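Keep in mind that this is a model prediction, so the values were computed, not measured.
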Amino acid sequence: MYDVIIIGAGPAGITSSLYTVRANLKTLIFDKETSSVKTTPKVENYYGFENGISGKELYENGVKQAENLGVEVKKEEVVNIKIEEDIFIVQTLYKEFKAKSVILATGNKKNKPNIENIEKFEGKGVSYCAICDGFFYRGKDVIVIGNGNYAESEAKELEPIVKSVKIVKEKVISIKGNDRVEEIELEDGTILKTDGIFIALGVAGSTDFAKKLGARVENNKIVVNEKMETTVKGLFACGDCTGGIYQISKAIYEGTVAGISQLRKRIS
């Protein structure tokens with residue numbers, strides 16, 4: 001059992017861990033190496049580096065710093081999070097991990113597919129959360145669009161509920177229907193009939209997990225209070241996933257607040 005599990009090893013997640021581990025809280029970080037900082041060629045608008053620093057170096061230094069202080073870092077993909085009796089169950093492909101609280105810090109996912117009519121049918125057959133919306137497709141045929149572990153996890157969530165579920169890895173160019181989704185068209189011209197579509201590209205992001213757990217999300221941003229806590233008790237979020245200015249300095253600040261809030265939560 002961990003005191004806190006942090007999803008994401010960018011500036012926000014790492015900063016959170018620096019405060020939790022120094023407060024003697026057993027801390028685990030899941031690092032899928034997807035932070036936008038890692039792919040930034042050079043960071044020049046951040047305090048303390050007179051000649052700037054590469055995003056990759058800043059990212060790797062942060063992970064090493066956390067590990068040197070005793071933070072456990074696992075390079076595994078988290079595919080699901082659930083709550084049982086006020087304990088968070090974080091699931092990877094291979095194992096489950098338990099924690100008293102969770103901090104979401106995977107950045108702002110920006111991989112909505114470029115598919116014709118996708119926005120038109122959002123809420124009318126297009127969904128982004130199997131746990132949230134699977135109930136509405138009982139006994140129906142659905143499609144999951146994606147080609148990774150996250151897509152497979154979403155399909156497994158749907159299997160006990162729907163009549164059939166198919167993972168489509170090919171490029172989808174269009175969604176068609178009248179009032180609701182009726183079919184999709186693939187790049188090679190193939191038409192697939194379906195009652196619903198679940199988008200699950202790449203790896204699951206902070207907003208995906210927040211929605212699954214019932215936390216409030218507005219305009220693809222997680223709503224938090226001044227303690228960086230979401231509307232779900234014990235679930236915190238920090239960094240780009242909460243919106244605002246997409247800057248490292250902002251992520252550092254929110255990571256600090258989220259980390260300190262774990263200690264205050266423990267004391268209270």
Side-chain angles (χ1 to χ4, degrees), residues 6-13 16 30 32-40 77-83 88 90 102-136 142-151 153-154 157-158 172 175 181 196-232 235-255 257-258:
I6 301 169
I7 317 297
S16 295
F30 283 103
K32 192 56 180 161
E33 300 184 312
T34 56
S35 172
S36 59
V37 170
K38 190 175 182 180
T39 59
T40 302
E77 179 181 345
V78 175
V79 296
N80 193 26
I81 305 175
K82 57 186 179 180
I83 302 174
F88 289 88
V90 178
V102 165
I103 299 175
L104 301 175
T106 61
N108 185 27
K109 192 176 179 183
K110 305 179 182 70
N111 60 354
K112 178 185 287 190
N114 182 22
I115 301 175
E116 183 183 4
N117 295 326
I118 188 170
E119 293 184 354
K120 172 184 175 181
F121 288 107
E122 288 177 348
K124 299 178 182 178
V126 171
S127 174
Y128 297 85
C129 179
I131 289 179
C132 310
D133 300 330
F135 174 83
F136 301 109
V142 301
I143 284 173
V144 175
I145 296 178
N147 59 4
N149 299 321
Y150 180 43
S153 175
E154 290 289 89
E157 293 285 351
L158 292 164
V172 179
I175 301 172
V181 168
I197 300 166
F198 288 82
I199 308 297
L201 297 177
V203 299
S206 292
T207 54
D208 297 312
F209 293 131
K211 289 175 182 177
K212 290 176 184 292
L213 293 168
R216 186 178 173 188
V217 175
E218 294 181 354
N219 298 320
N220 204 39
K221 301 176 184 64
I222 302 174
V223 176
V224 293
N225 60 19
E226 69 280 358
K227 299 176 183 178
M228 295 294 118
E229 188 171 24
T230 71
T231 53
V232 173
L235 179 67
F236 296 76
C238 54
D240 287 357
C241 63
T242 64
I245 302 173
Y246 297 129
Q247 292 290 303
I248 295 174
S249 54
K250 183 258 193 186
I252 295 292
Y253 165 74
E254 291 191 350
V257 175

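- For the residue pair Lys250 and Thr242, a side-chain donor N or O sits within less than 3.5 Å of a side-chain acceptor on the partner.
- In this structure the side chain of Val37 reaches within 4.5 angstrom of the side chain of Ile248, judged on heavy atoms.
- For the atom pair NZ (Lys212) and NZ (Lys82), the distance works out to 12.0 Å, reported to the nearest 0.5 Å.
- Residues passing the side chain to side chain contact (heavy atoms under 4.5 Å, CB included) test with Asn114: none are found, sequence neighbours excluded.
- Among residues two or more places apart in sequence or in another chain, the salt bridge (charged side-chain N to carboxylate O under 4.0 Å, His left out) test is passed with Lys211 by none.
- What you find for Cys238 and Ile103 is that their closest heavy atoms are SG-CG2, 3.7 Å.
- In this structure, Phe30 and Glu77 have side chains that are not in contact, with every pair of non-hydrogen atoms separated by 4.5 Å or more.
- To the nearest 0.5 Å, atom CD1 of residue Ile7 and atom CZ of residue Phe209 are 6.5 Å apart.
- Residues Ile81 and Leu213 approach most closely at O-CD2, 3.3 Å, considering heavy atoms.
- A search for side chain to side chain contact (heavy atoms under 4.5 Å, CB included) contacts involving Ala9 returns Ile14, Ile29, Asp31, Tyr59, Val63, not counting sequence neighbours.
- The CD1 atom of Ile143 sits 10.0 Å away from atom CD1 of Ile199, with the distance rounded to the nearest 0.5 Å.
- Taking all atoms of both residues into account, the shortest heavy-atom contact from Val79 to Ser153 is O-OG, 3.5 Å.
- If you take CG on Leu235 and OG1 on Thr230, they are separated by 3.5 Å, rounding to the nearest 0.5 Å.
- With hydrogens and angles disregarded, a donor-acceptor distance shorter than 3.5 Å links the side chain of Ser16 to the backbone of Ala12.
- The shortest side-chain heavy-atom distance between Val172 and Ile118 does not fall under the 4.5 Å cut-off.
- The shortest distance between side-chain heavy atoms of Asn80 and Val90 does not fall below 4.5 Å.
- In terms of modelled atom types and a separation under 3.5 Å, the side chain of Asp240 and the main chain of Tyr246 share no donor-acceptor contact.
- Within the structure, salt bridge (Lys or Arg N to Asp or Glu O under 4.0 Å) pairs that include any residue of residues 214-226 comprise Arg216-Glu218 (at least two apart or interchain).
- Shown here for Val203 and Asp208, the closest heavy-atom pair between the two residues is O-OD2, 4.4 Å.
- Side-chain atoms of Ile6 and Leu104, non-hydrogen and from C-beta on, never get closer than 4.5 Å to each other.
- Formation of a donor-acceptor pair under 3.5 Å by the Thr106 side chain with backbone atoms of Gly8 is not found in this model.
- A search for side chain to side chain contact (heavy atoms under 4.5 Å, CB included) contacts involving Glu229 returns Asn225, Lys233, Phe236, not counting sequence neighbours.
- The two atoms that bring Gly107 and Cys241 nearest to each other are O-CB, 3.3 Å, heavy atoms only.
- Of all the heavy atoms in Thr231 and Ala215, the pair that sits closest is OG1-CA, 3.3 Å.
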Name every donor-acceptor pair, under 3.5 Å, that has one atom in a side chain of residues 121-131 and the other anywhere in the protein, sequence neighbours excluded.
| residue | atom | partner | partner atom | Å |
| --- | --- | --- | --- | --- |
| Glu122 | OE2 | Lys112 | NZ | 2.9 |
| Glu122 | OE2 | Tyr128 | OH | 2.7 |
| Ser127 | OG | Cys129 | N | 3.2 |
| Ser127 | OG | Cys129 | O | 3.4 |
| Ser127 | OG | Asp133 | OD2 | 2.5 |

